[in-house]
S.K.: 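I have a structure here, written as structure tokens, and I will follow up with some questions on it.
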Amino acid sequence: MRNKNLTVSIEEEAQKIVLNSVGSLNCSNISTKEASNRVLNEDIVPDILITPADNSAMEGYAIIPDGALGSSKRNSIRLQIIGEIQADGYIIGKQVSKGTAMRIMTGSPILESVNSLIQLEATKEEAGYVKMFYPMVKTNYVEEELLKTLGGPEKAFININIPKDYYAILPHGWRRNLALEQARDLLLQHAVVCPGDRLPLMEALGRTIREDLTVQEDIPGFNRSLVDGYALLGRDTENAGDNAPVRLRVLEEVAAGRNPHFQVSSGTAIKVMTGAPIPSGADAVVKYEEVCREGADILVYRQVLKDTNVAEAGQEITAGENVVFKGTPVTPSLLGLLAAAGFNEIPVHSAVKVAIISTGSELAGLGQTLGAGQIYNSNQYFLTALLKTIGIEPVPLGIVPDETAKIADLVHAALRKADLVITTGGVSAGDYDLVENALVIAGVESLFSGVTVRPGKSFVAGKKDGKLILGLSGHPGAAFTSFELLVKPVLKKMMGYKDVLPRKVEVILSSDYHKSDARRLKAARLLIEGGIARAKILTGQGILRTMADCNLFVDIPPGQGMLAAGEKVSAYMI
Ligand SMILES: Nc1nc2c(c(=O)[nH]1)N[C@H]1C(S)=C(S)[C@@H](COP(=O)(O)OP(=O)(O)OC[C@H]3O[C@@H](n4cnc5c(N)ncnc54)[C@H](O)[C@@H]3O)O[C@H]1N2
Ligand code: MOO
């Protein structure tokens with residue numbers, strides 16, 4: 001298709017193009033034609049501006065983008081080819097209108113009526129028509145920002161004179177099909193640990209400790225009685241027996257929170273309540289019910305060994321010891337320990353916010369009446385709950401239909417509201433699987449697409465403004481598996497956890513399992529039978545019911561044949 005009309009030499013033609021393009025030429029006294037093969041005796045400075053936008057920077061088609069909106073890989077749009085503009089400006093055919101396209105060459109001048117150019121590689125020619133199979137959508141983003149992310153206009157199928165809100169873009173640069181561990185490492189490299197807060201203890205539940213915390217005193221700070229009884233000297237009771245009780249004089253009673261006035265010395269005891277300080281001199285406590293009270297005395301019938309029923313100072317934590325190491329999540333029991341150690345406020349990582357976008361035109365929100373072919377958006381609730389259980393602040397953004405631009409818009413909005421964005425659905429090979437394209441349009445830098453494990457092979461990951469965007473499958477089982485094995489470790493890193501990976505264990509298969517050509521992470525239930533950890537692979541029930549029983553993923557390698565019941569396999573605990 002290149003310049004069929006050329007009959008003159010290249011040099012002549014090149015000169016002709018240059019000279020024609022400067023319009024009114026003031027070039028001594030010779031005509032352009034006569035100047036062929038002659039040498040110019042001065043520089044030619046055009047007196048009109050030639051902007052690059054006037055000429056095509058690529059080989060392709062001139063179109064009116066309104067006629068091509070909505071095209072995609074599986075849903076190509078056909079435009080009738082109504083002519084061509086050759087590089088020398090020679091026009092064959094008529095004006096471009098909606099639904100038509102005109103073939104252009106690199107350097108072809110662009111007609112006024114045309115406002116968009118599509119690069120040849122983004123199209124396919126078929127019997128007088130051009131098929132557009134890359135997404136052509138309307139967006140609201142800043143052009144330069146998008147172009148920067150894409151690596152310049154040459155990477156995107158847009159031309160400089162395209163109106164600001166139209167783009168036709170080729171998704172590019174996605175690394176395909178990483179192993180699960182490779183994908184997780186890559187995501188962990190990109191995950192940013194959230195900064196810190198100092199929070200009142202109670203508000204810190206579910207957060208992660210940001211600094212090692214130590215105490216300077218013993219906790220508790222004094223020896224305490226573990227029982228209601230009598231504090232005494234153990235050696236006084238050495239020879240006590242049923243027929244030879246030891247008599248001790250009770251000096252006083254000490255309630256919890258009170259200090260004794262007297263010291264215990266040989267032959268004496270002090271009555272104490274549970275939690276009361278052990279009076280000095282005493283080294284053991286005998287329970288009430290094990291003695292007989294006789295006026296001001298007690299009779300002890302059995303030997304009471306030193307330290308019996310005494311909780312020593314520093315029993316919880318000794319002075320100078322670490323109460324907790326950084327990277328530990330604040331659980332109720334840790335919170336209790338920190339309260340015991342007197343921490344009113346503690347340094348923790350800030351809360352991580354995660355936006356959830358559910359893509360799918362078949363989805364309805366709870367409370368809505370289901371139309372034909374519709375299902376409820378269970379993923380949103382499932383993911384929101386999973387996030388809450390690990391202390392993440394979920395930002396559910398509801399449902400977006402299978403429309404690239406709408407998905408892109410919502411991703412853009414989600415990035416302003418959250419530290420990480422999760423989408424579900426639209427990541428496999430279907431006609432309406434548009435998430436990957438939507439991410440490109442939203443200016444998301446690609447990390448990878450696809451993981452070599454099932455379920456959960458459909459997964460895309462990208463980054464924008466330092467935040468990760470993770471596209472999970474819409475299939476609830478696949479979304480759950482990806483969440484547990486890929487997303488959760490990333491979230492834990494962001495939350496400041498020291499240990500982020502799921503715990504790997506070895507278990508015994510409780511039934512045969514046939515391998516397949518893909519690595520599988522099978523939802524299973526960990527059962528302890530006769531002291532042995534066995535994995536029961538969950539099959540048969542519905543997907544969500546299976547997930548409800550799942551507390552383990554068994555790692556089945558790809559291959560042929562069978563893993564027999566009784567064989568040892570690796571698994572991940574959740
Ligand atoms: N031609 C091919 N088709 C499919 C492939 C393939 O390789 N080639 N892979 C299959 C596998 S495996 C999976 S997993 C799914 C992944 O699909 P998507 O992630 O693109 O998700 P959708 O198609 O949007 O939905 C899948 C399934 O899940 C339901 N869904 C979606 N969103 C929700 C939600 N929020 N709550 C509840 N259920 C939801 C949806 O209705 C579909 O039934 O692709 C296979 N196809
Ligand atoms: O990717 Mo599908 O997730 O194999 O189940």
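Count residues from 1 along the sequence. For clarity, every value in this text was computed on a predicted model and none was experimentally measured.
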S.K.: State whether the side chain of Ser510 and the backbone N or O of Ala535 hold a donor-acceptor pair below 3.5 Å, judged by distance alone.
M.R.: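 Yes, the answer is positive, given that a donor and an acceptor are paired below the 3.5 Å cut-off.
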
S.K.: Answer yes or no: does atom NZ of Lys515 have more than 12 heavy-atom neighbours from other residues, nucleotides or ligands under 6.0 Å?
M.R.: yes

S.K.: Counting only N and O atoms by type, is there a donor-acceptor contact under 3.5 Å from the side chain of Lys493 to the main-chain atoms of Leu188?
M.R.: yes

S.K.: Output yes when a side-chain donor or acceptor of Tyr497 lies under 3.5 Å from a complementary backbone atom of Leu491, and no otherwise.
M.R.: no

S.K.: Roughly how far, to the nearest 0.5 Å, is the CD1 atom of Ile537 from the CG atom of Leu552?
M.R.: 9.0 Å

S.K.: Please check: side-chain N/O of Lys467 versus main-chain N/O of Ala418, any donor-acceptor pairing under 3.5 Å?
M.R.: yes

S.K.: Quick check on Glu529: does its CD atom have over 12 non-hydrogen neighbours (other residues, nucleotides or ligands) under 6.0 Å away?
M.R.: yes

S.K.: Under 3.5 Å, is there a donor on one side chain and an acceptor on the other for Asp197 and Ser350?
M.R.: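 No donor-acceptor contact under 3.5 Å links the two side chains.
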
S.K.: Counting C-beta onward and ignoring hydrogens, is there a side-chain heavy-atom pair between Leu468 and Leu447 closer than 4.5 Å?
M.R.: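 Touching, per the 4.5 Å side-chain cut-off.
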
S.K.: Between atom CZ of Arg534 and atom CG of Leu509, what is the distance when rounded to the nearest 0.5 Å?
M.R.: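 One gets 10.0 Å once the value is rounded to the nearest 0.5 Å.
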
S.K.: Roughly how far, to the nearest 0.5 Å, is CG of Leu386 from CD1 of Ile356?
M.R.: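 It is 9.0 Å, given to the nearest 0.5 Å.
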
S.K.: Determine the minimum heavy-atom distance between Gly456 and Ala478, stating which atoms define it.
M.R.: N-CB, 3.6 Å

S.K.: How close do Cys194 and Val352 get, counting heavy atoms only, and between which atoms?
M.R.: SG-CG2, 3.5 Å

S.K.: Has the side chain of Ser280 got a donor or acceptor atom that lies under 3.5 Å from a matching backbone atom of Gln263?
M.R.: no

S.K.: Using modelled atom types only, decide if a donor and an acceptor are shared between the side chain of Thr268 and the backbone of Val264 within a distance under 3.5 Å.
M.R.: no

S.K.: Shortest non-hydrogen contact from Val427 to Gly471?
M.R.: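 Where Val427 meets Gly471 most closely, the heavy atoms are CG1-O, 3.9 Å.
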
S.K.: Are the side chains of Tyr572 and Glu484 in touch, meaning some heavy atoms are under 4.5 Å apart?
M.R.: no

S.K.: Applying side-chain hydrogen bond (donor to acceptor under 3.5 Å, both in side chains) as the test, list every pair that has at least one member in residues 379-392; sequence neighbours left out.
M.R.: Asn377-Gln380

S.K.: Under a 3.5 Å distance rule, please check whether Asp212 uses its side chain to pair with a backbone N or O of Phe325 as donor and acceptor.
M.R.: no

S.K.: Just verifying a value: how many Å separate Ile422 CD1 and Leu397 CG, rounded to the nearest 0.5 Å?
M.R.: 11.0 Å

S.K.: Using 0.5 Å steps for rounding, measure from the CG atom of Leu334 to the CD1 atom of Ile346.
M.R.: 7.0 Å

S.K.: Looking at Arg503 and Met573, would you say the former's side chain and the latter's main chain have a donor-acceptor pair under 3.5 Å?
M.R.: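 A pair under 3.5 Å: no.
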
S.K.: Show me the pairs that pass side-chain hydrogen bond (donor to acceptor under 3.5 Å, both in side chains) and involve residues 297-306, at least two apart or across chains.
M.R.: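 Applying side-chain hydrogen bond (donor to acceptor under 3.5 Å, both in side chains) to every pair that reaches into residues 297-306, excluding sequence neighbours, yields Arg247-Asp297, Arg249-Asp297.
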
S.K.: Start with the C-alpha gap between Phe483 and Thr424, add the side-chain angles, then the distance that decides, and say whether side-chain contact (heavy atoms from CB on, under 4.5 Å) holds.
M.R.: CA-CA 11 Å; Phe483 181 86; Thr424 63; over 6 Å; no

S.K.: Set out, in order, the CA-CA distance, both residues' side-chain angles and the distance that settles side-chain contact (heavy atoms from CB on, under 4.5 Å) for Leu187 and Phe448, then state yes or no.
M.R.: CA-CA 9 Å; Leu187 292 178; Phe448 65 91; 3.8 Å; yes

S.K.: Taking side chain as C-beta onward, heavy atoms only, is Lys353 less than 4.5 Å from Glu393?
M.R.: yes

S.K.: Assess whether side-chain contact (heavy atoms from CB on, under 4.5 Å) is satisfied between Leu338 and Ile209, documenting all intermediate values.
M.R.: CA-CA 11 Å; Leu338 291 168; Ile209 303 282; 4.2 Å; yes

S.K.: So Pro347 and Arg198, do their side chains get closer than 4.5 Å, heavy atoms only?
M.R.: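 Of all side-chain heavy-atom pairs linking Pro347 with Arg198, at least one is under 4.5 Å.
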
S.K.: Once rounded to the nearest 0.5 Å, what's the spacing between atom OG1 of Thr452 and atom CD of Glu181?
M.R.: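 The distance works out to 8.0 Å.
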
S.K.: Checking Ser570 against Glu506: is there a side-chain donor and acceptor pair closer than 3.5 Å?
M.R.: yes

S.K.: Looking at side-chain heavy atoms only, is the closest gap between Phe480 and Cys550 below 4.5 Å?
M.R.: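 Of all side-chain heavy-atom pairs linking Cys550 with Phe480, at least one is under 4.5 Å.
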
S.K.: In the structure I gave you, are the side-chain heavy atoms of Val215 and Phe343 within less than 4.5 Å of one another anywhere?
M.R.: yes

S.K.: Answer yes or no: does atom CD of Glu211 have more than 12 heavy-atom neighbours from other residues, nucleotides or ligands under 6.0 Å?
M.R.: yes

S.K.: Heavy atoms only: give me the nearest Glu316-Leu337 pair and the separation to one decimal.
M.R.: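 Shortest heavy-atom contact: OE1-CD1, 3.9 Å.
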
S.K.: So, the side chain of Asn309 versus the backbone of Val286: is there a donor-acceptor pair under 3.5 Å, distance only?
M.R.: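 Flag not set: sc Asn309 to bb Val286 has no pair under 3.5 Å.
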
S.K.: May I have the step-by-step check of side-chain contact (heavy atoms from CB on, under 4.5 Å) for Asp283 and Val310, ending in yes or no?
M.R.: CA-CA 7 Å; Asp283 61 13; Val310 174; over 6 Å; no

S.K.: Give the minimum heavy-atom separation between Arg210 and Gly196, together with the two atoms involved.
M.R.: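 Closest heavy-atom pair between Arg210 and Gly196: NE-CA, 3.3 Å.
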
S.K.: Under 3.5 Å, side chain of Thr237 to main-chain N/O of Val304, donor-acceptor pair present?
M.R.: yes

S.K.: With a 4.5 Å cut-off on side-chain heavy atoms, are Arg258 and Glu253 touching?
M.R.: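 Not in contact.
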
S.K.: Mind jotting down which residue pairs meet the side-chain hydrogen bond (donor to acceptor under 3.5 Å, both in side chains) criterion with at least one end in residues 221-231? Sequence neighbours excluded, please.
M.R.: Asp228-Thr274, Tyr230-Arg293

S.K.: Hey, are the side chains of Val487 and Val354 touching, using non-hydrogen atoms and a 4.5 Å cut-off?
M.R.: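 Side-chain contact under 4.5 Å: no.
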
S.K.: Taking all non-hydrogen atoms of both residues, which atom of Val451 and which atom of Ala179 are closest, and how far apart?
M.R.: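 Distance-wise, the nearest heavy atoms are CG1-C, 4.1 Å.
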
